[in-house]
Amino acid sequence: AYGCNDETALNFVSSNSVDDGSCIYPIIDTQIVSFVNGWSLFSTYIEPQFASMDSVFQPIINQVTIVKNNTGVAFLPAWGMDLDIVNGQGYQAKIDGPAVLEILGTQLQPELNPIDLNEGWNIIAYLREQPADCILVFEDITDFVTIVKDGSGNVYFPEWGFSNIDQMLAGQGYQVKVLLAQQLQYLANNQSYRLEIAAVENNLQHYKSPLNTGSNMSLVIEASQLESLLSFGDEVAVYSNSNRLVGAFVYQDQTIVIPV
């Protein structure tokens, strides 16, 4: 069989008897991940030499309140609780003040690291170096995707034909809810997704951008319910019982999806 037969390569297959020049070798790289004040969703395409969050976050350890995975297992520096970073997974982090983290290690090749999605909620990593359209990334499993959310509260809602996630970005994590267990396969870094689909822009003028609450709820208001109440460009806001702005969106003659 033809293929990669070098045991030091990432895509080595023992049954390949003839090397066809397709071997992919580990690349040592650095990724810069930025955090806002408060809650963020983050990920990395780097496999660090030491997997513990305590090691990864050492440069900004004094700013870290909590880092947790999709099941709620947490890295809590103040309590001495640690957590290992897992390839392909995204995480929620609460950081005191804006911060920049440099992660050093082996670069993951997206085409060699498919991500298993469990039924229900997941937090996934974006493993590509370059941005890609969210709708196109999930195109092969769209029928099973309920919602995709980024750390800023933008959403892709296939059932409603709605997305205001413009591009999926390196360093960002994404919450994904699927109806059944699926596998997400990214294209290689040297490949491109087909023509991108324009996302719905949410250019607020009256309201400030709401703060991320760390929750994963969304309010859906169908266009038919709004036609007689709103005009194009009107802004809809959602407040909590404590009068805190938790969601806002610009009406554009279509269904509104407001993450809160």
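Ser55 contributes no side-chain N or O that, together with a main-chain N or O of Ser52, makes up a donor-acceptor pair within less than 3.5 Å. Between the Arg128 side chain and the Ala188 main chain, a donor and an acceptor come within less than 3.5 Å of each other. A donor-acceptor pair is defined here as one N or O able to donate and one able to accept, closer than 3.5 Å; such a pair exists between the side chain of Asn122 and the backbone of Gly120. The backbone N or O of Ile28 lies less than 3.5 Å from no partner atom in the side chain of Gln107, so there is not a single donor-acceptor pair. Without hydrogens or angle criteria, Gln172 side chain to Ser40 main chain gives no donor-acceptor distance under 3.5 Å. Asn113 contributes no side-chain N or O that, together with a main-chain N or O of Leu108, makes up a donor-acceptor pair within less than 3.5 Å. A donor-acceptor contact shorter than 3.5 Å is absent between the side chain of Tyr186 and the backbone of Gln109. In this structure, Asp96 contributes its side chain and Gln63 its backbone to no donor-acceptor pair below 3.5 Å.
Side-chain contact, Glu47 with Thr106: no donor N or O sits under 3.5 Å from an acceptor N or O. Ser152 and Asn154 form no side-chain donor-acceptor contact under 3.5 Å, judged by distance and modelled atom types alone. With no hydrogens or angles considered, no side-chain donor-acceptor pair links Gln182 and Glu119 at under 3.5 Å. A donor-acceptor contact under 3.5 angstrom links the side chains of Gln183 and Asp116, judged on distance only.
Looking only at side-chain heavy atoms (C-beta outward), Met168 and Tyr193 stay at 4.5 Å or farther from each other. At a threshold of 4.5 Å between non-hydrogen side-chain atoms, the residues Leu83 and Asn69 count as touching. Counting heavy atoms from C-beta outward, Ile147 and Trp160 have side chains that stay 4.5 Å or more apart. With a 4.5 Å cut-off on side-chain heavy atoms, Met81 and Phe75 do not count as touching. The shortest distance between side-chain heavy atoms of Tyr174 and Leu41 does not fall below 4.5 Å. Here the side chains of Asp143 and Leu179 are not in contact, with every heavy-atom distance at 4.5 Å or above. Looking at Val137 and Ile135, their side chains never come closer than 4.5 Å, going by heavy atoms from C-beta outward.
Note that CZ of Phe144 is 6.0 Å distant from CG of Leu180, once rounded to the nearest 0.5 Å. Between atom CG of residue Leu76 and atom CG of residue Asp54 there is a gap of 11.5 Å, rounded to the nearest 0.5 Å. The structure places CG of Leu104 at 8.5 Å from CG of Asp29, a figure rounded to the nearest 0.5 Å. Residue Gln130 holds its CD atom at 13.0 Å from CG of Leu187, rounded to the nearest 0.5 Å. The CG atom of Leu112 lies 11.5 Å from the CG atom of Asn87; values are rounded to the nearest 0.5 Å. The distance from atom OG of Ser43 to atom CD1 of Ile123, rounded to the nearest 0.5 Å, is 10.5 Å.
Cluster annotation: Val73 and Phe42 are assigned to the same hydrophobic cluster (Ile/Leu/Val/Met/Phe/Trp/Tyr, side-chain heavy-atom contacts under 4.5 Å, transitive). Under the 4.5 Å side-chain contact rule for hydrophobic residues, Val36 and Ile103 do not share a cluster.
You'll find the ring centres of Tyr91 and Phe35 outside the 6.0 Å limit.
Within a 6.0 Å radius of CD in Gln58, more than 12 heavy atoms belonging to other residues, nucleotides or ligands are found.
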